[in-house]
Enquirer: 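If you scroll down you'll find the structure; I have some questions about it.
Per chain, numbering begins at 1; letters A, B, ... match sequence-line order.
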Protein chains: 2
Amino acid sequence: MTDRTRSRDRDDVGLPDPPWRSPRRPLRRRITREGIVDAAAVVLDRDGADAVTARAVAEQMGTGPASLYAHVDGKNELLELLVDRVIGEMAVPEEASAERWTDQLRQMCHDTRTVLLAHPGIAKVALAGPPSGPNALRRTESLLGVLRTGGLSDQVAGLAVDLLSLFVVSSAYEADVRRSAVAASETDWPAKLEGYFAALPPHYPNIIDLAAELTRPSEVERFEFGLDVLIGGIRALGHSADG
Amino acid sequence: MTDRTRSRDRDDVGLPDPPWRSPRRPLRRRITREGIVDAAAVVLDRDGADAVTARAVAEQMGTGPASLYAHVDGKNELLELLVDRVIGEMAVPEEASAERWTDQLRQMCHDTRTVLLAHPGIAKVALAGPPSGPNALRRTESLLGVLRTGGLSDQVAGLAVDLLSLFVVSSAYEADVRRSAVAASETDWPAKLEGYFAALPPHYPNIIDLAAELTRPSEVERFEFGLDVLIGGIRALGHSADG
DNA sequence: TCACAGGACGAACATTGTTCGTAGCAGCGA
DNA sequence: TCGCTGCTACGAACAATGTTCGTCCTGTGA
């Protein structure tokens, strides 16, 4: 339980790699938490989250893996910091509006999804731990504001914020998995899967019948559908008597 | 791309560990796919999904890790088989009923969650790959039947089946993570988190205000809420004009 | 200038998934 | 019954990973 809440309100964290002098650094470098997360972000965007290993991050900094452990508790903490950094790329609405609250909700969910998908593999990491960093907190705060402004009860707002986040992150994870799977085998997968479903033995009449509906929708369509269902359902539940 | 679809319609897969003769087996054992999955299931239930390593499974069978690779493509395939075996423990309704379709839906979601949580760590694995095994297919078939019997359009049924599965599995994953985290540090975590939220700086008025609502609901309550929202939303969307 | 404390880092350890090469068993034809 | 052939169980090893230990350097205060 180190002081993870300290040194948070800095906005100059994202500086990309100040070229101090030259690639040769005979001087002993000064390693910082922020520098480590910077290096991890570079590796993340270049090779994906699975490539964010202690060695890769260290090499990106021009040192060995042992050098990280004086500033970061372990890979877990490093990944948490990385996730929060990604979440920090998202914009949050200035002020919640009572009329446009569902639009704001949709917008925030879209933005979360976008930043997650912009960094391949990070959704899986985000799913692993509950959001605890300052940027995630800021997002939760804003989300709660929108929900309450929409007239939802406190109880429903509290539950809905978790539900929406779970949906957005897990949906991004699935999209990510599917995307990299498609990237691996370049054959167009939905068509093959549809053929497979359609050719199933007759024990599966519904799957055979709905082969197209099961395989054709894009990830975006699925996401939009989920968003419609969730927001509609939350609205209905939140405006009845009490949840 | 091996013949993964072959040898599927066997129901005697679940036999627990026939004690052939004695722990000493001077005879060369006959290793089968089913035997490997059996052993993996034993390790899973004993030590959790993270402990399902090639070595652990092999040791459970009294052999070395290399012996598995003649029957299983790799750890991925082994885990897929394991997930499908777990899904197979779930009961599916005999026939879809037009009146009780939402009850049947809830029941199936509950059952899925139950079997997932009965095997610690398996939800994470189930989340990784889209369901492809015969048991998952049977479940999807049944789910589709219930949704169509409920009067939903084909399009909505196809999307809803994915959405529901995503919610159930990811929610089980979160419950699993939380459970093992609580098991690790035996202090009661929700209370601590609530205190942390309540003591946040005033930049977070909503989180401070809803600290209790955010931390107190149990995993079951969250799950029930999500189910209410999803089924309500699906119902509303499926019975309007067209999705 | 000098001693000290903190940290950068080389090397190593344990654990993982996976592959190679060997050797032994099973089944089959004679 | 005997020998051959092909499949396969499996010991050993390899590469990659997270993490720790001990050493030595370096910046800093007196």
Enquirer: In the structure I gave you, are the side-chain heavy atoms of B/Cys109 and B/Phe167 within less than 4.5 Å of one another anywhere?
Expert: no
Enquirer: Whole angstrom is fine here: how far is it from CZ in B/Arg33 over to P in D/dT8?
Expert: 13 Å
Enquirer: When the C1' atoms of the five terminal pairs at each end define the local axes, what inter-axis angle does the helix from C/dT1-D/dA30 to C/dA30-D/dT1 show, to 10 degrees?
Expert: 10°
Enquirer: Does any N or O in the side chain of A/Arg55 come within less than 3.5 Å of the main-chain N or O of A/Pro65, such that one atom is a donor and the other an acceptor?
Expert: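 Answer holds: no.
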Enquirer: Is a side-chain donor-acceptor pair under 3.5 Å present for B/Asp111 with B/Gln107?
Expert: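 Present: a donor and an acceptor within the cut-off.
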Enquirer: Would you say A/His71's side chain and A/Ile31's backbone share a donor-acceptor pair under 3.5 angstrom?
Expert: yes
Enquirer: Check whether B/Glu77 reaches the backbone of B/Gly74 with its side chain - one donor and one acceptor, N or O, closer than 3.5 Å.
Expert: no
Enquirer: Keeping B/Asp176 on the side-chain end and B/Gly121 on the backbone end, is there a donor-acceptor pair under 3.5 Å?
Expert: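 Side chain of B/Asp176 to backbone of B/Gly121, a donor-acceptor pair under 3.5 Å: yes, one is there.
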Enquirer: Would a distance-only check, ignoring hydrogens and angles, find a side-chain to backbone donor-acceptor pair under 3.5 Å from B/Arg179 to B/Leu117?
Expert: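 Yes: the side chain of B/Arg179 pairs with the backbone of B/Leu117.
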Enquirer: If the threshold is 4.0 Å, N to carboxylate O, is there a salt bridge linking B/Glu219 and B/Arg222?
Expert: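 Counted as a salt bridge, because a side-chain N and a carboxylate O are separated by less than 4.0 Å.
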Enquirer: Without decimals, in angstroms, what is the distance between B/Leu68 CG and C/dC20 P?
Expert: 17 Å
Enquirer: Reckon B/Ser67 touches a base, only the sugar-phosphate, or nothing at all at heavy-atom distances under 4.0 Å?
Expert: base
Enquirer: Whole angstrom is fine here: how far is it from CZ in A/Arg30 over to P in D/dT26?
Expert: 13 Å
Enquirer: Once you round it to whole Å, what is the distance between P of D/dC10 and CD of B/Glu59?
Expert: 14 Å
Enquirer: What integer distance in Å separates A/Ile36:CD1 from C/dA8:P?
Expert: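 Spelled out: CD1 on A/Ile36 to P on C/dA8 is 8 Å.
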Enquirer: Nearest whole angstrom, please: distance from the C1' of D/dA9 to the NE2 of B/His71.
Expert: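 Answer to the nearest Å: 8 Å.
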Enquirer: It should be established whether A/Thr63 places a side-chain nitrogen or oxygen under 4.0 Å from OP1 or OP2 of nucleotide C/dC9.
Expert: yes
Enquirer: I'd like to compare against my own output: the B/S/- annotation of nucleotides 13-18 of chain C with a strict under-4.0 Å heavy-atom distance to protein.
Expert: ---BBB
Enquirer: Decide if atom CG of B/Asp45 counts as having more than 12 heavy atoms of other residues, nucleotides or ligands within a radius under 6.0 Å.
Expert: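 Check passes, neighbour count above 12.
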